[in-house]
Amino acid sequence: MRTYTFKDFEIGVSVYHKSNTRIKMIVVGKDSETFELKCRWIDKDGNRLEDIFLFAELVKSDDHDYDTRPRFSVI
């Protein structure tokens, strides 16, 4: 798995939390003093949720080495 720095995360980047890769989130804010990222995602009921995470808790969704499980999308 790739190691990320705070600078690797930009607003608009898709991320997963390391402990739960089933929920894809979008970075919507950065705090360079605390190295925290504000993320937003939509739950299964369509509710918009937000939370703040340390950058070390997250992995970018384009890191194909991290999660090799197949993903399915319903259209």
Side-chain angles (χ1 to χ4, degrees):
M1 177 175 55
R2 180 176 172 205
T3 303
Y4 292 101
T5 66
F6 182 74
K7 293 179 183 178
D8 291 327
F9 296 97
E10 296 296 329
I11 293 175
V13 170
S14 298
V15 296
Y16 298 114
H17 194 277
K18 288 180 179 178
S19 68
N20 185 359
T21 58
R22 291 177 289 164
I23 299 173
K24 185 185 267 188
M25 302 179 287
I26 303 296
V27 176
V28 295
K30 292 177 69 171
D31 186 338
S32 58
E33 289 185 20
T34 61
F35 297 109
E36 293 176 325
L37 300 168
K38 184 175 186 178
C39 297
R40 182 179 297 153
W41 67 98
I42 307 295
D43 71 7
K44 64 182 180 180
D45 297 323
N47 299 314
R48 186 178 82 171
L49 303 171
E50 291 184 357
D51 205 348
I52 297 172
F53 302 96
L54 290 172
F55 81 92
E57 298 178 83
L58 303 174
V59 61
K60 292 170 78 174
S61 66
D62 63 357
D63 186 357
H64 301 292
D65 295 336
Y66 186 73
D67 187 13
T68 58
R69 293 179 293 160
R71 298 210 175 267
F72 299 96
S73 298
V74 178
I75 300 177

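Given the structure is predicted, the values throughout are model-derived calculations rather than measurements.
Expressed to the nearest 0.5 Å, how far CG of L37 lies from CD1 of I26 amounts to 12.5 Å. Considering NZ of K38 and CD of E50, their distance stands at 4.0 Å, rounded to 0.5 Å. With values rounded to the nearest 0.5 angstrom, F55 atom CZ is found 11.0 Å from T34 atom OG1. For the atom pair S32 OG and K7 NZ, the distance stands at 10.5 Å (nearest 0.5 Å).
No continuous path of hydrophobic side-chain contacts links V28 to Y4 [ILVMFWY only; heavy atoms under 4.5 Å]. Each of L54 and Y16 belongs to its own hydrophobic cluster when Ile, Leu, Val, Met, Phe, Trp and Tyr are linked at side-chain heavy-atom distances under 4.5 angstrom. With hydrophobic clusters built from ILVMFWY side chains whose heavy atoms lie under 4.5 angstrom apart, I52 does not share a cluster with I42.
Using cut-offs of 30° and 60° on the angle between ring planes, the pair W41 and F53 is tilted.
A donor-acceptor pair under 3.5 Å is absent between the side-chain atoms of D45 and the main chain of N47, judged by distance alone.
A salt bridge does not link K18 with E57: every distance from a Lys NZ or Arg NE/NH1/NH2 to an Asp or Glu carboxylate oxygen is 4.0 Å or more.
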Distance-only donor-acceptor hits, side chain of residues 8-15, under 3.5 Å, sequence neighbours excluded:
from	atom 1	to	atom 2	distance (Å)
D8	OD2	T5	N	2.8
D8	OD2	T5	OG1	3.3

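Using a 4.5 Å heavy-atom threshold, the side chains of M25 and L58 count as touching.
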